[in-house]
Amino acid sequence: MKETSNTNINIKTLAKRLGISTGSVSKALKDSHEISEETKRKVRELAVELNYVPNPYASSLRKQKSKTIAVVLPEVADSFFSLAINGIESVMEQKGYHVIISLTHELFSKEEKILSDLKSGRVDGIIMSISRETANTDHIKSLQDKKIPIVFFDRVAEAIETCKVITNDE
């Protein structure tokens with residue numbers, strides 16, 4: 001029975017079809033020295049045949065890393081922020097990270113909601129420029145309490161101890 005959709009093809013499926021453990025399949029796909037070349041070949045062939053695609057979310061749960069960085073900005077109409085996004089995205093891609101961009105539209109309430117949503121652990125870090133309305137920083141401190149790294153750029157929250165990248169416009 002040939003499977004045509006990869007929506008249900010996972011490591012368990014490959015293991016069951018090959019009669020080996022899920023751990024062996026995982027190690028074979030990672031080219032581990034613990035697995036024989038013959039087993040690696042069989043696993044790779046079946047993975048190709050069944051259109052197996054690794055699930056990045058399952059991997060991130062195991063590793064406790066999402067390989068995702070959030071960029072929280074007040075706007076993107078400003079060419080400075082557009083350039084910043086391009087630079088951040090380019091560097092993050094080289095490092096194997098995904099970038100999520102969220103806009104506060106200069107609203108404290110929206111900034112607070114975005115950061116609250118990010119507390120779930122969906123990101124490994126946050127790069128942000130605070131909104132003009134931001135005076136209270138409790139929502140930012142709560143991220144630090146969850147050990148989520150934050151880097152400010154352009155507009156910073158002075159009360160927060162973290163890395164800050166600023167310009168002096170001179």
Side-chain angles (χ1 to χ4, degrees), residues 5-11 14 25-32 44 47-48 50-170:
S5 170
N6 67 358
T7 55
N8 295 320
I9 305 302
N10 56 31
I11 287 179
L14 297 175
V25 170
S26 178
K27 288 177 182 179
L29 292 170
K30 292 177 186 168
D31 200 26
S32 171
R44 286 191 298 263
V48 168
L50 298 181
N51 298 317
Y52 166 74
V53 177
N55 182 337
Y57 299 109
S59 176
S60 71
L61 286 173
R62 283 190 306 278
K63 296 176 185 173
Q64 299 285 308
K65 294 286 180 192
S66 67
K67 298 294 278 182
T68 302
I69 300 294
V71 179
V72 181
L73 305 168
E75 62 176 338
V76 289
D78 183 314
S79 65
F80 172 77
F81 288 126
S82 296
L83 289 170
I85 290 169
N86 284 332
I88 291 166
E89 198 276 334
S90 174
V91 171
M92 290 296 109
E93 182 180 24
Q94 290 172 14
K95 302 289 184 186
Y97 280 80
H98 304 281
V99 176
I100 296 173
I101 299 167
S102 296
L103 303 177
T104 64
H105 301 287
E106 299 288 8
L107 298 172
F108 172 76
S109 60
K110 189 151 183 167
E111 179 181 289
E112 196 173 36
K113 168 96 172 74
I114 290 167
L115 295 184
S116 176
D117 289 346
L118 294 174
K119 270 195 278 190
S120 69
R122 295 185 337 207
V123 297
D124 294 338
I126 299 170
I127 301 171
M128 74 177 293
S129 183
I130 62 174
S131 78
R132 284 194 180 109
E133 290 185 354
T134 302
N136 181 333
T137 58
D138 289 345
H139 63 302
I140 300 169
K141 288 177 186 167
S142 70
L143 289 166
Q144 288 184 312
D145 293 343
K146 299 271 276 174
K147 306 289 187 232
I148 298 173
I150 302 166
V151 174
F152 289 115
F153 77 100
D154 192 43
R155 296 189 206 152
V156 303
E158 295 295 339
I160 303 290
E161 288 293 322
T162 192
C163 295
K164 299 170 182 162
V165 179
I166 57 172
T167 59
N168 62 10
D169 293 327
E170 289 182 24

Tell me if the CD1 atom of I166 is crowded by more than 12 foreign heavy atoms within 6.0 Å. no

Do D31 and R44 have side chains that get closer than 4.5 Å, going by heavy atoms? yes

Distance check, rounded to the nearest 0.5 Å: F80 atom CZ versus I85 atom CD1? 10.5 Å

Indicate every side-chain donor-acceptor pair of residues 140-152 with a distance under 3.5 Å to a residue at least two apart or in another chain.
{"from": "S142", "atom 1": "OG", "to": "K119", "atom 2": "NZ", "distance (Å)": "3.2"}
{"from": "S142", "atom 1": "OG", "to": "H139", "atom 2": "O", "distance (Å)": "2.8"}
{"from": "Q144", "atom 1": "NE2", "to": "E161", "atom 2": "O", "distance (Å)": "2.9"}

Closest non-hydrogen contact found for L14 with Y52 is CD1-CG, 3.8 Å

Only distances under 3.5 Å count here; give the side-chain donor-acceptor pairs of residues 99-110 to other protein atoms, sequence neighbours excluded, each with its distance to 0.1 Å.
{"from": "T104", "atom 1": "OG1", "to": "L73", "atom 2": "O", "distance (Å)": "3.4"}
{"from": "T104", "atom 1": "OG1", "to": "E106", "atom 2": "N", "distance (Å)": "3.3"}
{"from": "E106", "atom 1": "OE1", "to": "R132", "atom 2": "N", "distance (Å)": "2.8"}
{"from": "E106", "atom 1": "OE1", "to": "R155", "atom 2": "NH1", "distance (Å)": "2.7"}
{"from": "E106", "atom 1": "OE2", "to": "R132", "atom 2": "NH1", "distance (Å)": "3.3"}
{"from": "E106", "atom 1": "OE2", "to": "R155", "atom 2": "NH1", "distance (Å)": "3.1"}
{"from": "E106", "atom 1": "OE2", "to": "R155", "atom 2": "NH2", "distance (Å)": "2.9"}

S82 and S79: CA distance, side-chain angles, deciding distance, side-chain hydrogen bond (donor to acceptor under 3.5 Å, both in side chains) verdict: CA-CA 5 Å; S82 296; S79 65; over 6 Å; no

Looking at residues at least two apart in the chain, or sitting in another chain, which of them share a side-chain hydrogen bond (donor to acceptor under 3.5 Å, both in side chains) with K164? none

What is the distance from atom NZ of K113 to atom CG of L115, rounded to the nearest 0.5 Å? 11.0 Å

Can you measure from OG (S129) to CD (E111) and round to the nearest 0.5 angstrom? 9.0 Å

Evaluate T137 against I130 for side-chain contact (heavy atoms from CB on, under 4.5 Å), listing each step before the verdict. CA-CA 10 Å; T137 58; I130 62 174; over 6 Å; no

F153 side, atom CZ; I88 side, atom CD1 - distance, nearest 0.5 Å: 4.5 Å

Which distance, rounded to the nearest 0.5 Å, do you find between the CD1 of I160 and the CE of M128? 9.0 Å

Heavy-atom donor-acceptor pair, D124 side chain to K67 backbone, under 3.5 Å: yes

Hey, could you give me the CD1/NZ distance between I69 and K95, rounded to the nearest 0.5 Å? 12.0 Å

Side chains of Y97 and V91 in contact at under 4.5 Å (non-hydrogen atoms): no

